[in-house]
Amino acid sequence: MQVLTGRCLCEGVEYRIEGELGPIYNCHCSRCRRWHGAAFRTRASIRSSQFTWVKGTELLRTYHSSEFTAKHFCGVCGSSLVSTYDNDPGRMSIPLGGLDQAPANRPEGHFFVGSKAPWHDIADDLPQHDTWPGSRADVRKTSGEA
Ligand SMILES: [Zn+2]
Ligand SMILES: [Zn+2]
């Protein structure tokens with residue numbers, strides 16, 4: 001079984017993920033771009049049961065970016081850590097930038113390309129979706145965003 005670890009920039013917060021990550025996507029929506037200060041956010045869905053905080057929970061701060069979506073970040077260095085969903089507590093989303101190791105799977109596509117940064121050109125051949133692809137539209141209505 002794959003075990004991944006990750007941490008924030010100041011290394012005050014560390015976490016551990018057991019088992020393979022769910023599907024990985026690059027999200028180009030304006031919220032992800034702002035939250036990460038980057039052209040896009042590379043994120044994976046995981047089951048909450050896979051995730052453990054190793055240290056630094058006292059440093060965590062939370063921002064609700066929508067009614068149900070909570071963004072957790074380090075209160076010292078500001079690193080974006082995980083998203084949780086009040087209406088779907090069994091699921092979490094993590095940005096891959098904080099990981100110490102390479103996950104077994106790779107990004108499968110681009111979300112919200114319709115609102116991507118105009119100064120960023122996507123240079124790979126992965127599928128591109130203007131918003132959420134296919135059935136994920138229903139997920140977005142209830143969860144707000146990736
Ligand atoms: Zn930190
Ligand atoms: Zn997004």
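Note that ligands are numbered from 1 as they come in the structure, with each ligand's atoms numbered from 1 the same way. Computed from heavy atoms alone, side chains included, the values below leave out hydrogens, waters and symmetry copies. Residue numbers run from 1 in the order of the sequence given. Keep in mind the model is a prediction, meaning the values are calculated, not measured.
- Between Cys10 and Cys74 there is a side-chain heavy-atom pair separated by less than 4.5 Å.
- Salt bridge absent: Glu108 and Arg106 never bring a charged side-chain N and a carboxylate O closer than 4.0 Å.
- Ring centers of Tyr25 and Phe111: under 6.0 Å apart, within the cut-off.
- Among the backbone and side-chain atoms of His28, no N/O/S atom is found under 2.8 Å from the Zn ion (ligand 2).
- Around the Zn ion (ligand 2), the two atoms SG of Cys29 and SG of Cys32 are separated by an angle of 110°, to 10 degrees.
- Summarising the hydrophobic clusters (Ile, Leu, Val, Met, Phe, Trp, Tyr; side-chain heavy atoms under 4.5 Å, direct or chained), the residues clustered with Leu99 are Leu4, Val13, Tyr15, Ile17, Leu21, Ile24, Ile46, Phe51, Trp53, Leu59, Leu60, Val76, Leu81, Val82, Met92, Ile94, Leu96.
- Taking the six-membered ring for Trp and the full ring otherwise, the centers of Phe40 and His28 sit less than 6.0 Å from each other.
- Residue Tyr63 belongs to a hydrophobic cluster whose other members are Phe73, with links defined by side-chain heavy atoms closer than 4.5 Å.
- Distances from the Zn ion (ligand 1) under 2.8 Å pick out these protein N/O/S atoms: Cys8 SG, Cys10 SG, Cys74 SG, Cys77 SG.
- Judged as a side chain to side chain donor-acceptor pair (under 3.5 Å), the pairs with a partner in residues 118-127 (not counting sequence neighbours) are, in order, His110-Asp124.
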